[in-house]
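Here the structure is laid out as structure tokens; the discussion comes afterwards.
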Amino acid sequence: MNPKILITGATGATGGSAILELLQRNIGVRALVHKIDERSDKLGTQGVEIVQGDLSDFEAVNGALKGMEAAYFVYPIQVPGILEATAFFAEAAEEQGVRAIVNMSQVSARRDAKSHASQNHWIAERLLDRSGIPVTHLRPTFFAEWLMYQSRAIREQDILPLPFGDGRYAPITGEDQGRVIAAILSDPAEHAGKTYPLFGPKELSQYEIVEILSGIVGRTITYVPIDIETFQENFKARGFTPHFIQHISSVAIDCRNGLFAGTNDWVEELTGRKPLSIADYITKNKPMFASARPQS
């Protein structure tokens, strides 16, 4: 298959899932990857054209977009630089005649966001809107994959320590988002200029999430609501970037205030399938949460 669509974040949760769905639709894919490794090699064996480059390198982005009809743009939340990368991507897409872009934003993206990353996502949306290329923005709530960040505490201490208080949201998997991305890129015209908030099937608190988790892994996992300062110190000790820590600290407050709450039917309407539940996600990734504590 000749590649028609460029996928960035190709080895990540959303990009990787989008690629699988596009291949199932017999649509050729080019993947922009940060480095060549076993993950990119695996994509290559599936028929994906691999291009190595960085979103902060304009010429690399320009080359990756050459000949593409449409593209998926996602920038890693862990590091700063999204505004420059977005400007590069928009200019390169215009130069190469790309006809549609799907942009990964976030539900907390807004002008007055306290999170620098959330505010930058809102500005990035505006930059893409001004490019003249038809753009579709995705604004998901917290990913189900959030549990991965605390999988060690789950395995070793049987706890889920997070600063989300009693906040509720409907976790959405990267897999479902990938299917949404592929569906839009397969027929982008009707989605041009639209913004889709994306949610999983059911709002849950962290207390309800650990109840579901406990039932699947077969032991009691306890949610430990921690304050923002404790969270910051924990993530700093684990080597996370100041940019990421500032973002999560701010959106934790947003979550407590209900910004991440809500549900809708967009995943099912766009893909024809109901979104996966948090139980589905945990079951698929059960080994990640297996106990590392000595068994009596």
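Numbers for residues simply follow the sequence, beginning at 1. What's counted below: heavy atoms across the whole structure, side chains too, no hydrogens, waters or symmetry copies.
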Flag side-chain contact, heavy atom, 4.5 Å: Arg179 against Leu276: yes
Atom CG of Asp112 with >12 non-hydrogen neighbours under 6.0 angstrom: yes
Main-chain N/O of Trp122 paired to Arg110 side chain as donor or acceptor, under 3.5 Å: no
Between Gln106 and His121, a side-chain donor and acceptor under 3.5 Å: yes
Linked, directly or transitively: Leu270 and Leu20 (ILVMFWY side chains, under 4.5 Å): no
Closest approach of Tyr169 to Pro171 (non-hydrogen atoms, all atoms of both residues): O-CD, 3.2 Å
Aromatic ring pairing Phe142/Phe164, orientation class (parallel under 30°, perpendicular over 60°, tilted between): parallel
Polar side chain donor-acceptor pair, Gln177 to Ser17, under 3.5 angstrom: no
Asp41 CG: over 12 foreign heavy atoms closer than 6.0 Å: yes
Note, Thr271 side chain near Glu21 side chain (heavy atom, < 4.5 Å): no
Lys286 side chain to Ile216 backbone, donor-acceptor under 3.5 Å: yes
Nearest non-hydrogen partners of Ile7 and Ala18, listed with the distance: CD1-CB, 4.4 Å
Under 3.5 Å: donor-acceptor pair, side chain of Asn264, backbone of Pro197: yes
Working for side-chain contact (heavy atoms from CB on, under 4.5 Å), residues Leu147 and Leu160: CA-CA 8 Å; Leu147 285 175; Leu160 177 63; 4.0 Å; yes
Contact summary for Ala100 and Pro188, nearest pair of heavy atoms: CB-CB, 3.5 Å
Residues Val180, Val267; criterion side-chain contact (heavy atoms from CB on, under 4.5 Å); working and verdict: CA-CA 6 Å; Val180 168; Val267 171; 4.3 Å; yes
ILVMFWY network linking Val251 to Phe143, side-chain heavy atoms under 4.5 angstrom: no
Glu145 side chain near Tyr281 side chain, heavy-atom distance below 4.5 Å: yes
Exercise: identify the closest heavy-atom pair between Gly63 and Arg30: O-NH1, 3.8 Å
CZ (Arg25) with more than 12 external heavy atoms under 6.0 Å: yes
For the student: nearest non-hydrogen atoms of Met104 and Ile181, plus distance: CE-CD1, 4.3 Å
CZ (Arg111) with more than 12 external heavy atoms under 6.0 Å: no
Test item: Ser40 and Lys35 side chains (from C-beta on) under 4.5 Å apart, heavy atoms: no
Steps toward side-chain contact (heavy atoms from CB on, under 4.5 Å) verdict (Glu203, Thr263): CA-CA 7 Å; Glu203 275 190 2; Thr263 57; 4.1 Å; yes
Worked verdict on Asp129 versus His137 for side-chain contact (heavy atoms from CB on, under 4.5 Å): CA-CA 10 Å; Asp129 289 343; His137 301 295; 2.8 Å; yes
Ile228 side chain near Ser249 side chain, heavy-atom distance below 4.5 Å: yes
pair His243-His247: side-chain heavy atoms closer than 4.5 Å: no
CZ/Arg238: more than 12 non-hydrogen atoms of other groups inside 6.0 Å: yes
Check: Arg219 and Ile221 side chains under 4.5 Å, non-hydrogen atoms: yes
same_hphob_cluster(Leu138, Ile123) at 4.5 Å side-chain heavy-atom cutoff: no
Hey, can you pull the donor-acceptor pairs under 3.5 Å for the side chains in residues 65-86, sequence neighbours left out?
unit_1: Tyr72; atom_1: OH; unit_2: Thr14; atom_2: OG1; d: 2.7
unit_1: Tyr75; atom_1: OH; unit_2: Pro80; atom_2: O; d: 2.8
unit_1: Gln78; atom_1: NE2; unit_2: Tyr149; atom_2: OH; d: 3.0
unit_1: Thr86; atom_1: OG1; unit_2: Ile82; atom_2: O; d: 2.7

Phe89 and its side chain to side chain contact (heavy atoms under 4.5 Å, CB included) partner, picked from Leu6, Ile133, Leu32, Asn62: Leu6
Distance-minimising heavy-atom pair for Ile50 and Leu43: CD1-CB, 3.8 Å
Check: Ile253 main-chain N/O paired with Asn257 side-chain donor or acceptor under 3.5 Å: yes
Donor on one side chain, acceptor on other, Thr283 and Asp280, under 3.5 Å: no
Residues Asp54 and Ser56: side-chain donor-acceptor under 3.5 angstrom: yes
Note, Pro225 side chain near Tyr207 side chain (heavy atom, < 4.5 Å): yes
Salt bridge flag under 4.0 Å for residues Arg139 and Glu125: yes
Aromatic plane relationship, Tyr196 with Trp266 - under 30° parallel, 30 to 60° tilted, over 60° perpendicular: perpendicular
